[in-house]
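In what follows, chains are A, B, ... by sequence order, proteins preceding strands, each numbered from 1. Since this is a predicted model, take the numbers as computed values, not measurements.
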2 protein chains.
Amino acid sequence: MTDAKNAEKDTFDLRNFLPFLLNQAAEESSLEFQRVYKNRYGMLRTEWRVLFHLGIHGEMTAKEIGERAKIHKTKISRAVHRLEKRRYLSRTRDERDRRVERLTLTPAGSAVYRELRGIAESYDAKLAAHFTKGEAALLRMMLRRLAGME
Amino acid sequence: MTDAKNAEKDTFDLRNFLPFLLNQAAEESSLEFQRVYKNRYGMLRTEWRVLFHLGIHGEMTAKEIGERAKIHKTKISRAVHRLEKRRYLSRTRDERDRRVERLTLTPAGSAVYRELRGIAESYDAKLAAHFTKGEAALLRMMLRRLAGME
DNA sequence: GCTTGTTAGTTACAAAATCAACTATTATCC
DNA sequence: GGATAATAGTTGATTTTGTAACTAACAAGC
């Protein structure tokens, strides 16, 4: 019985465990891009996510961003504050429901967004170049399914 | 000139951007499993990672774990402390090189590892069931490649 | 053998994330 | 229409992470 010795090898393979693989791939693939928005614009991850959502969808509320990106409202709130302080976004109260705030990028924020979007696009292409076109499309589809984004 | 109005929609699709998809899929897929080691054993993510590495490979040093899992040494150090306090692992100085510490799971730690491994395996199967066998194998391969684990 | 450089791991301090409680506003229901 | 519940967003306290500087042990060059 090999049970007594607990410093033995085991047959479970972490290298095939999907949550682990997803995490490693996610971390590896966001590192390089992170350096850009971090070093060049002093932005945090949540901040560029908010920026991207606004850049893509135009006017949004904090809540909508949180739902789409699955980010907690306190993180959003703080990211919005920082982006506002840097004058990348502006907020206006919705007069129909004075609890909500409508967020939009300022021209400066839009400019940063466009620059980062360009970098993001070429970075995405670089990642996808690891695979054939069909494989890459399949990968995106599978990831969307795992993320519950179908 | 659509440029003046910056609350317009954009053509960039975050839903196809690989770093974003990888992050969302990773987060979604680790949430359920996280609840198990968090609520049932009060463990943090780094702690179960260390536990798994020791469970799989037997005796290891902090440095080896950090290299394999790409975790920073300060995180490892703290995770090891907490696991030791909970008596899930024990350390012994390597007498040949007294800087290094050899880490192994205690019987209690091994028991927790085996329990979590079982849960991990069935959870992985559940995730993989979203796809055909061939797709799942391809997915693992692609993720390993993106993670630089080839 | 002694200075200089490396390496394994720890610790202290700053930054960020999490969780719970809070304010202000709107919706519900009697 | 007034009490109660729900919602958008904020704030403060606690926990966790990240960064840099640190200790202790070993290695290399001379």
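- A salt bridge between A/Asp94 and A/Arg96 is absent, with no side-chain N of the basic residue lying under 4.0 Å from a carboxylate O of the acidic one.
- Under the 4.0 Å criterion applied to side-chain N and carboxylate O atoms, B/Arg140 and B/Asp124 are assigned as salt-bridge partners.
- Residues meeting the salt bridge (charged side-chain N to carboxylate O under 4.0 Å, His left out) test with A/Arg91, sequence neighbours left out: A/Glu84, A/Glu101.
- For A/Ala79, the side-chain contact (heavy atoms from CB on, under 4.5 Å) criterion is met by A/Thr46, A/Glu47, A/Val50, not counting sequence neighbours.
- Closest approach of B/Ile65 and B/Met60 over heavy atoms only: CG1-SD, 3.7 Å.
- Partners of A/Arg144 according to the side-chain hydrogen bond (donor to acceptor under 3.5 Å, both in side chains) rule, which considers only residues two or more places apart in sequence or in another chain, are B/Asn16.
- Contact check of residues 94-103 of chain A against DNA chain D (heavy atom, cut-off under 4.0 Å) returns A/Arg99, A/Val100, A/Glu101.
- Hydrophobic cluster membership is shared by A/Ile119 and B/Phe20, with clusters built from Ile, Leu, Val, Met, Phe, Trp and Tyr side chains linked at under 4.5 angstrom.
- Minimum heavy-atom separation, B/Leu54 to B/Leu103: CD2-O, 3.5 Å.
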- Query: side chain to side chain contact (heavy atoms under 4.5 Å, CB included) between A/Val112 and A/Met43: does it pass, once the steps are laid out?
  - Reply: CA-CA 11 Å; A/Val112 172; A/Met43 273 198 273; 3.8 Å; yes
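- A/Phe17 has its ring centre less than 6.0 Å from the ring centre of B/Phe33.
- Take A/Lys38 and apply the side-chain contact (heavy atoms from CB on, under 4.5 Å) test, not counting sequence neighbours, and it matches A/Gln34.
- Side chains of B/Ser30 and A/Asn23 form a contact here, defined as non-hydrogen atoms less than 4.5 Å apart.
- Of the residues in residues 70-89 of chain A, those with a non-hydrogen atom less than 4.0 angstrom from any atom of DNA chain C are A/Thr74, A/Lys75, A/Arg78.
- Note that the two end axes of the helix from C/dG1-D/dC30 to C/dC30-D/dG1 enclose an angle of 20°, each drawn from 5 base pairs, rounded to 10 degrees.
- Of all heavy-atom pairs between B/Tyr41 and B/Tyr88, the closest is CD2-OH, 3.8 Å.
- The two residues A/Ala120 and B/Phe12 have their closest heavy-atom pair at CB-CZ, 4.2 Å.
- At a threshold of 4.5 Å between side-chain heavy atoms, the hydrophobic network of Ile, Leu, Val, Met, Phe, Trp and Tyr places B/Tyr37 and B/Leu44 in two separate groups.
- Where DNA chain C meets chain A (any atom under 4.0 Å from a heavy atom), the bounding nucleotides read 5' to 3' are C/dA16 to C/dT26.
- Residues A/Asp10 and B/Gly55 come closest through the heavy atom pair CB-O, 3.4 Å.
- Within a heavy-atom distance below 4.0 Å of DNA chain C, no residue of residues 18-31 of chain B is found.
- Salt bridge present: A/Lys63 and A/Glu67 bring a charged side-chain N and a carboxylate O closer than 4.0 Å.
- For the contact set between residues 44-52 of chain B and DNA chain C, defined by any heavy atom under 4.0 Å, there are no members.
- A nucleotide of DNA chain D counts as in contact with chain B when one of its atoms lies under 4.0 Å from a heavy atom; the first and last such, 5' to 3', are D/dT16 to D/dC26.
- Counting only heavy atoms from C-beta outward, the side chains of B/Glu64 and B/His57 never approach each other to under 4.5 Å.
- The shortest distance between side-chain heavy atoms of B/Leu143 and B/Leu22 falls below 4.5 Å.
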Name the atoms and distances for all side-chain donor-acceptor pairs under 3.5 Å in residues 128-135 of chain A, with sequence neighbours left out.
| residue | atom | partner | partner atom | Å |
| --- | --- | --- | --- | --- |
| A/His130 | ND1 | A/Leu127 | O | 2.9 |
| A/Thr132 | OG1 | A/Glu135 | N | 3.1 |
| A/Glu135 | OE1 | A/Thr132 | N | 3.0 |

